[in-house]
J.: 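Quick one: this structure, given as structure tokens, is what I'll be asking you about.
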Amino acid sequence: MSRNTLRARLAFSFKGETHDLDSVFDLDTLAAEEGEEPNFHRLLAQANGIDPYSYLYEVLESYDIDFSEPAGIAANCLHDGRFDWPSFARLRSEAPEMGIIQAIAARLMGVADLGEQPDLKAALLAAYRAGKADRPT
């Protein structure tokens with residue numbers, strides 16, 4: 001399974017000094033509460049040695065982060081420099097199931113990419129989940 005990474009950049013000025021922050025995050029290691037996304041401003045500040053209780057941090061928070069160079073599942077969730085964390089979280093949670101149903105589709109139906117057949121993908125995923133739900137634990 002490929003790593004899910006994302007580059008975050010933010011440039012701003014504070015007290016006549018330009019700050020150009022740049023970090024690559026391993027999204028698989030970021031902890032976030034269910035339904036919440038990581039605080040990328042705080043992560044970017046920490047990665048660049050900025051105290052989150054400083055005025056510099058307050059200024060940093062007022063700027064948008066520009067995301068780029070996604071890898072893995074993250075590549076499907078980046079649009080015009082904005083990262084869609086909820087989509088990423090959903091795709092990441094579905095990844096093990098998708099691997100199984102993609103293998104079935106390829107072996108039994110000759111379908112190399114379920115992404116090209118969304119109705120078939122949805123049907124196979126629903127059948128897989130129904131089968132899992134019926135299994136005794």
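What you see below is based on every heavy atom in this structure, not just the backbone, and it leaves out hydrogens, waters and symmetry mates.
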J.: How long is the span from the CG atom in Asp64 to the CZ atom in Arg9, to the nearest 0.5 Å?
T.: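 The CZ atom of Arg9 is 16.0 Å from CG of Asp64, to the nearest 0.5 Å.
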
J.: With under 30° as parallel and over 60° as perpendicular, where do the rings of His19 and Phe14 fit, or are they tilted in between?
T.: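 Ring orientation of His19 relative to Phe14: tilted.
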
J.: Are Trp85 and Leu44 grouped together when hydrophobic residues (ILVMFWY) are joined by side-chain heavy atoms under 4.5 angstrom apart?
T.: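 Shared cluster, yes.
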
J.: Is there a side-chain contact between Lys15 and Val59 (heavy atoms, below 4.5 Å)?
T.: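 Contact flag for Lys15/Val59 side chains = no.
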
J.: Identify whether the distance between the nearest side-chain nitrogen and carboxylate oxygen of Asp28 and Arg3 falls below 4.0 Å.
T.: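 Result for this pair is no, no salt bridge flagged.
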
J.: Distance check, rounded to the nearest 0.5 Å: Gln46 atom CD versus Tyr57 atom OH?
T.: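 Rounded to the nearest 0.5 Å, the CD-OH separation comes out at 8.0 Å.
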
J.: Please answer: with hydrophobic residues joined when any side-chain heavy atoms are less than 4.5 Å apart, are Val24 and Ile73 in the same cluster?
T.: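 In one cluster: no.
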
J.: Is there a side-chain contact between Glu94 and Leu91, using heavy atoms and a 4.5 Å cut-off?
T.: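 They are in contact (side-chain heavy atoms under 4.5 Å apart), so the answer is yes.
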
J.: Hey, can you tell me if Phe40 and Phe67 have their rings parallel, tilted or perpendicular (30° and 60° cut-offs)?
T.: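 If you compare the ring of Phe40 with that of Phe67, the planes turn out perpendicular.
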
J.: Taking atom types as modelled and ignoring hydrogens, do the side chains of Asn48 and Ser23 form a donor-acceptor contact shorter than 3.5 angstrom?
T.: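 Side-chain D/A pair, Asn48 to Ser23: present.
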
J.: Strictly distance-based, threshold 3.5 Å: is any side-chain N or O of Arg82 a donor or acceptor partner for the main-chain N or O of Ile65?
T.: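 Yes; at least one donor-acceptor contact below 3.5 Å.
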
J.: Is Leu56 reachable from Tyr53 through a run of hydrophobic residues whose side-chain heavy atoms are each under 4.5 Å from the next?
T.: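 Cluster IDs for Tyr53 and Leu56 differ.
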
J.: Please check if the side chain of Gln102 supplies one atom and the backbone of Leu114 the other of a donor-acceptor pair under 3.5 Å.
T.: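 The answer is yes, because a donor-acceptor pair under 3.5 Å joins these two groups.
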
J.: Nearest 0.5 Å, please: how far is SG in Cys77 from CZ in Arg90?
T.: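 Spacing of CZ (Arg90) from SG (Cys77) equals 7.5 Å.
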
J.: Give the cluster check for Leu108 versus Ile100: same hydrophobic cluster or not, with ILVMFWY residues linked at side-chain heavy-atom distances below 4.5 Å.
T.: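 Yes, Leu108 and Ile100 fall within the same hydrophobic cluster.
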
J.: Measuring from His41:NE2 to Ile50:CD1, what's the distance to the nearest 0.5 Å?
T.: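 So the NE2 of His41 and the CD1 of Ile50 are separated by 11.0 Å.
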
J.: Within this structure, what is the CG-CZ distance for the pair Leu30 and Phe25, rounded to the nearest 0.5 Å?
T.: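 It comes to 7.0 Å.
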
J.: Can you give me the closest heavy-atom contact between Asp66 and Gly81, atom names plus distance?
T.: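 Taking Asp66 first and Gly81 second, the nearest heavy atoms are OD1-CA, 3.5 Å.
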
J.: Hey, are the side chains of Leu21 and Phe12 touching, using non-hydrogen atoms and a 4.5 Å cut-off?
T.: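 They are in contact (side-chain heavy atoms under 4.5 Å apart), so the answer is yes.
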
J.: Is there a donor-acceptor pair under 3.5 Å between the side chain of Asn4 and the backbone N or O of Leu27?
T.: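 Side chain of Asn4 to backbone of Leu27, a donor-acceptor pair under 3.5 Å: no, none is there.
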
J.: Atom CG in Asp22, atom OG in Ser68: separation rounded to 0.5 Å?
T.: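 Going from CG on Asp22 over to OG on Ser68, the span is 7.5 Å.
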
